[in-house]
Protein chains: 2
Amino acid sequence: MTKPPLTVRELIRDHYPTLTQSERKFANSLLEKYPAAGLASITIVAANAEVSTPTIARMVQKLGFKGYPQFHQALLKELEAKVSGPTQRRENWASEAPEGHMLNRFSQAVTDNLSQTFSNVDSGQFDAAVRQLAKTEGRLYVVGGRITRALADYAFTHFQAIRQRVTHMTSSSATWPHYVLDMEEGDTLLLFDVRRYETNLQRLAELAAERGVKVVLITDQWASPIAAVAAHTFNCWVEIPSAWDSNISTMMLLEAMIAATQEESWDKTKERYDRLDELFDTTRLFRKFS
Amino acid sequence: MTKPPLTVRELIRDHYPTLTQSERKFANSLLEKYPAAGLASITIVAANAEVSTPTIARMVQKLGFKGYPQFHQALLKELEAKVSGPTQRRENWASEAPEGHMLNRFSQAVTDNLSQTFSNVDSGQFDAAVRQLAKTEGRLYVVGGRITRALADYAFTHFQAIRQRVTHMTSSSATWPHYVLDMEEGDTLLLFDVRRYETNLQRLAELAAERGVKVVLITDQWASPIAAVAAHTFNCWVEIPSAWDSNISTMMLLEAMIAATQEESWDKTKERYDRLDELFDTTRLFRKFS
DNA sequence: TCTCTTCTGAAATTATATTGACAGAATTTA
DNA sequence: TAAATTCTGTCAATATAATTTCAGAAGAGA
């Protein structure tokens, strides 16, 4: 039988009647700013509650802890559990595959990656990057590396539908100088670089930055060296149980950017979409969706 | 002028490029359990991240703190501010972006899609498809449509690393007959088709199936008509708050398949990977990952 | 008011945390 | 491959934290 570990909050409530005046002073101060008010050193905590350190020491022993460090640790465990708790919500959507099946291992890794990636995006940076991507006065160049070429391609296809003046720089770096020649201030370079970082891409980014082009970099959690010259950098978590890296979080961030860019300039975009639809109907390339 | 107090998370993000390997080890462990992993004593924190205490001390100084205690205090201040702030019941893994922000709406939609997709995969089908994809006796053809071309490209790049005899059929359908001419029994066709389904792709699938080629189809939740001739069909949920469809779940399934295929034939694959690595080293195209 | 009991914090003691110096390991560069 | 650089952990020193002791303060009851 596993014992249910009481939270410190509950412990305090239980022992409150037996606490002395100064001890209550501390108890109140902790409950008010829980758990932060209990996570500093005993000295600081005591000063904040305006009591002496022995008071705190005696009280945590009353609560059942061996000493202040143990009490501190208990608070920390609680906090940790709270933060990592929701991740376990994944249980719901595991498929019927057996425990160690690739599908389940994979879903776990992907969930973690997405979670990490999301919580590390700075929404200010994101908004700024989106505004940059929506700037139709300048040209938008898109480029990726060996693996991320596919993502660049995906980005290109979508951005092309949203706005004008989009260029996909082919992955053959021999042609890049021609593009650089035409780059000018106000242009944007959307660049994908995940490990193994490519020196070609770095050169390209440096040249572009020199010419006043704003570089939007999408990279992995370890950050490509290009971050040094990029106007906006985004880190995506990419680790999976495999010899290579996953690009799902990268794709997710990219799609979020596309969606936001579209929203940013919906008036202009809507018309483009309608015209595109018409064209598809005309060419009969696609079946009508039923 | 009020100073904008950067969060520790932001500080880490800003300094990440200049961090050393062990410092990143700690940075990752902290970001993973933020802020709990940084609120114990330097000794404990170091042990948890599996680095030495001086490493931590050096790093927090890099971040701009005078010493570990100052760093600890900064984390605590953040925690305190968060608890007393208005956004107390923040959604689990949403970033710090406001409620209705695109990032948060997007994360919700993506989570739902992945969840749906996962719980609708039949692990038997999955395993069977993987076995088919790992069959190196036959040739593996990969093809996608207007949007999914990028996914096909991604699949091609990875499968090419894993096995021999892989062909990416370009999206220009004019060239397809040439490929079909050479298709024979035992070959595999990995095909992506999401709405709007493309008639070209359907023709192609029918022709291939007639010739005894096993078709592995990755499509959306409404299923492309190609499912009728496919040996294995997988449905991916693709709806997001946008005028277009998301391909994150599609990508996820694809990556899971690649990972499983690689596992299936790891003995053969490992050697290919090593050789590939050597080649990259030789060409110096990529930086060594540090 | 006095005395007894209980509580509290100053100070001393002990334990632990933090930092700095250094040398070996790992990595990059020539 | 060898030299130079950078990184990383061990160890010692120093500082700080936690605990214990104890004398005085505060309150309760007579």
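Here is the naming used below: chain letters follow the sequence lines, and residue numbers restart at 1 for every chain.
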Polar-atom pairs under 3.5 Å, protein N or O versus N or O of nucleotides 19-24 of chain D: list them with distances, or write none.
{"unit_1": "D:dT19", "atom_1": "OP1", "unit_2": "A:Tyr68", "atom_2": "N", "d": "3.1"}
{"unit_1": "D:dT19", "atom_1": "OP2", "unit_2": "A:Tyr68", "atom_2": "N", "d": "3.2"}

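Around the CD atom of A:Gln73, the shell of radius 6.0 Å holds no more than 12 heavy atoms that belong to other residues, nucleotides or ligands.
Taking only side-chain nitrogens and oxygens, A:Thr20 comes nearer than 4.0 Å to OP1 or OP2 of C:dT8. An OP1 or OP2 oxygen of D:dT16 is reached within less than 4.0 angstrom by no side-chain nitrogen or oxygen of A:Thr43. Applying the 4.0 Å criterion to OP1 and OP2 of D:dT8, one finds that B:Ser22 has a side-chain N or O inside that range.
The interatomic distance linking B:Met59 (CE) with D:dG9 (P) rounds to 14 Å, in whole Å. Put simply, CD1 on B:Ile56 is 10 Å from P on C:dT18, counting in whole angstrom units.
Under a 4.0 Å N-O distance rule, the pair A:Lys62/A:Glu23 qualifies as a salt bridge. Salt bridge status for A:Glu206 with A:Arg211: absent, with no side-chain N to carboxylate O gap under 4.0 Å. Using a 4.0 Å cut-off between a side-chain N of Lys or Arg and a carboxylate O of Asp or Glu, B:Asp153 and A:Arg149 qualify as a salt bridge.
Classified by interplanar angle (parallel below 30°, tilted 30° to 60°, perpendicular above 60°), the ring pair A:Trp244/B:His158 is tilted.
Of all heavy-atom pairs spanning A:Val215 and A:Ala205, the tightest one is CG2-O, 4.2 Å.
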